[in-house]
Each structure stands twice: as C-alpha cells, then as structure tokens.
Trainee: 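After the structure tokens below, expect a handful of questions from me.
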Number of protein chains: 2
Amino acid sequence: MAGNVLNDKTLELIAERFRLLGDPVRLRLLQSLEGGERSVADLVAVTGAQQASVSKHLQLLLRGGLVERRRQGMFVYYSVADDRVFELCNVVCGSLTAYLEKELEHLAGREGDEGPATVS
Amino acid sequence: MAGNVLNDKTLELIAERFRLLGDPVRLRLLQSLEGGERSVADLVAVTGAQQASVSKHLQLLLRGGLVERRRQGMFVYYSVADDRVFELCNVVCGSLTAYLEKELEHLAGREGDEGPATVS
DNA sequence: TGACCATATGAACATAATAGAATATATTAG
DNA sequence: CTAATATATTCTATTATGTTCATATGGTCA
C-alpha cells in the first residue's frame, strides 16, 4: 500500500490471503507448527478438530503457500513455509491490544452514561 | 505467536481481524483512506460499489477499530484509525510475491512436464 | 496379494458473509 | 414545518465457507 494504487486482481489476492488467516483452526495449526514440523495426526490431536477438517485446512494453507508437506512412510509432516505469518499475527495482536485498550478507556470515561435511570 | 500458546478466544479475535481485512472492497476503502480522510460519497465514487455496500463495509471497519468517523454537516468523513493495516498489507504483499516467485520457478523447472504428448 | 493405517477427497448439510433494493435516520435549507 | 441530501439500516436472495460422515488414495507390512 505504499502510496501506489493496487489493481483489483492484486487486491483480491491480498484479501484472499487475509481470509486464509481468518480462521481460528488454521491459526491454531500454524501456531502448532511454529515449533517445527508435525504430522497430521499430531495436528488433529492438538486442535481437537476432525481429521477431515484438519486435512482440508492444511490443503488450504498448502495451496496458499503458507505450509509445506513432506511424506515419510505413512505419515505426512507439515511445516511452515513462510514465517511472515507469525509477523502478521504479532502485528494483529498489537492492533487488537491497542483497540481493546482504547475500548476500555472509552468505557471508563463513560461510566454510568448508559441512558437515564428515570422515566421521562 | 511469540512462543506462547493463545487461547481459543484470543485466536478467534485474531481470526476475526484477519477476516475483516479479507475483503477487496474493504481493502480498497482502506487504501483510499491512506491519503487522509474521505467522505462516504468519495468512497462510493472510488470503489464503484453501491452506497449501501460501502456504508456497511465502513461500519465493519469502524467496529473493528480500523477507521474513525467524524461528522461535519451532512457529510461523514472516515479516516484510518490504525496504521498497522498498511504494515499488514505490505507484509502480505511480500508474502504473496515470494509465493508467486516460487510458483514461477517451480513451473519453469517443470517445463513440458505436464504429461505425455502422445497417446499410449 | 490382502489387511491395515494415515491422509485426502467428495457429498450433504449448516452457517456466515455479501450484495442489492427499499427504507430509515440525520442534517441542512427554505 | 417540508423538501432535499448524505449516510445508515433492514430485509431478502445468493454465494462462500466450514463441518461431518463416508469413502478413496497412498503407503507399510505380513
């Protein structure tokens, strides 16, 4: 966004990538992979989701280029292919924190300002 | 994600924020606001979307704390409340670029590797 | 080969997100 | 007050996304 205008296609790609990160199960998967590669079975256990669901989320992350897979015997190991995801999450965390703090402040400043206690 | 485990609620908040950025119209709105505040009418013109649609997207961004609004007469001016969105977009752009370059490389390496040209 | 295990995929269903038309609200001008 | 304008909201239809169950695929081992 550094001043230049992005065309619709690019914007759609960026949006798509944000959407890819916009699911708590996928975020949990990525977080679980932060320490290194894991098998699907591991990830199923960690997330508590169904195997089919985990597998599909992993395919989405794979097609998006955020993770890689490696087969070893019967097991498939996934790992993070782009560390930027963690940077993104950190920035979002900061943004969220700032937002929530502002909200708190706002609420504190309006204490008891939720409408009249008396009728008419 | 700096090594600590995030609970489900936090993860959902983060995912929600990513989803907020996961729409091309909203990204276009944010980009349009990068140069400073704009009225809704301006934004409708810029995006080419319906007024109702723009208004709804702006409400989403507002509730997410990414933009602020200011009323002046009949007009409402929106502005970016959290510059981190641009940082996020830039990181995503970098991530996308890396991914697409890798894809290209991959394709180049496999040139003509798309199956036999002859039948049986 | 067949039995078995891990992972992926397909189909059906439920839910969420989005757009568009119509309408409501808020503000100013007369 | 009414008319006019800018913005917000409601309602509805449609589409996208996610979950689950069942099944397919790919691999190992006897």
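Each chain gets a letter, A, B and so on, in the order the sequences are listed, and its residues count up from 1.
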Trainee: How close or far is atom C1' of D:dA6 from atom CZ of B:Arg71, stated in whole angstroms?
Mentor: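 About 7 Å, once rounded to whole Å.
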Trainee: Could you check how far CG of B:Leu20 sits from P of C:dA16, rounded to whole Å?
Mentor: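 One finds 17 Å between P of C:dA16 and CG of B:Leu20, rounded.
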Trainee: Flag the pair B:Glu37 / B:Tyr78 as yes when at least one side-chain heavy-atom distance between them is below 4.5 Å, and no otherwise.
Mentor: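 They are not in contact (no side-chain heavy atoms under 4.5 Å apart), so the answer is no.
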Trainee: Between C:dT7, D:dT9, C:dG20, spot the one nearest the side chain of B:Gln59, thanks.
Mentor: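 The nucleotide sitting nearest to the side chain is D:dT9.
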Trainee: If you check the A:Val76 side chain, which of D:dG18, D:dT9, C:dT7 turns out closest?
Mentor: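 Looking only at side-chain atoms, A:Val76 lies closest to C:dT7.
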Trainee: Would you kindly give the CZ-to-C1' distance between A:Arg69 and C:dT7, to the nearest whole Å?
Mentor: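 About 8 Å, once rounded to whole Å.
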Trainee: If you pin A:Met74 and A:Gln51 to their nearest nucleotides in DNA chain C, which one's is more 5'?
Mentor: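 The answer here is A:Met74.
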Trainee: Is the shortest heavy-atom distance from the side chain of B:Thr97 to the side chain of B:Glu101 under 4.5 Å?
Mentor: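 Yes, at least one pair of side-chain atoms sits under 4.5 Å.
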Trainee: Side-chain contact, heavy-atom cut-off 4.5 Å: A:Leu58 with A:Val76?
Mentor: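 Side-chain contact under 4.5 Å: no.
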Trainee: How many Å lie between CD on A:Gln50 and P on D:dT23, as a whole number?
Mentor: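 A:Gln50 atom CD is separated from D:dT23 atom P by 16 Å.
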Trainee: If you check the B:Lys56 side chain, which of C:dA19, C:dA8, D:dA6 turns out closest?
Mentor: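 Nearest nucleotide to the side chain: C:dA19.
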Trainee: Starting from the 5' end of DNA chain D, give me the residue, A:Ser53 or A:Gly73, whose nearest nucleotide shows up first.
Mentor: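 Looking at the nearest nucleotide for each, A:Ser53 comes out on the 5' side.
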Trainee: Roughly, in whole Å, what's the span from NE2 in A:His57 to C1' in D:dT17?
Mentor: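 Those two atoms, NE2 and C1', are 9 Å apart.
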Trainee: Within 45 degrees of the ring normal and closer than 6.0 Å to the centroid, is that where the cationic atom of B:Arg17 sits relative to A:Tyr99?
Mentor: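 Verdict for A:Tyr99: a cation-pi partner in B:Arg17.
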Trainee: Looking only at side-chain atoms of A:Ser55, point me to the closest of C:dT9, C:dT18, C:dA6.
Mentor: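 Nearest listed nucleotide: C:dT9.
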Trainee: Using whole Å, report how far OH of B:Tyr78 lies from C1' of D:dT7.
Mentor: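 Between C1' of D:dT7 and OH of B:Tyr78: 8 Å.
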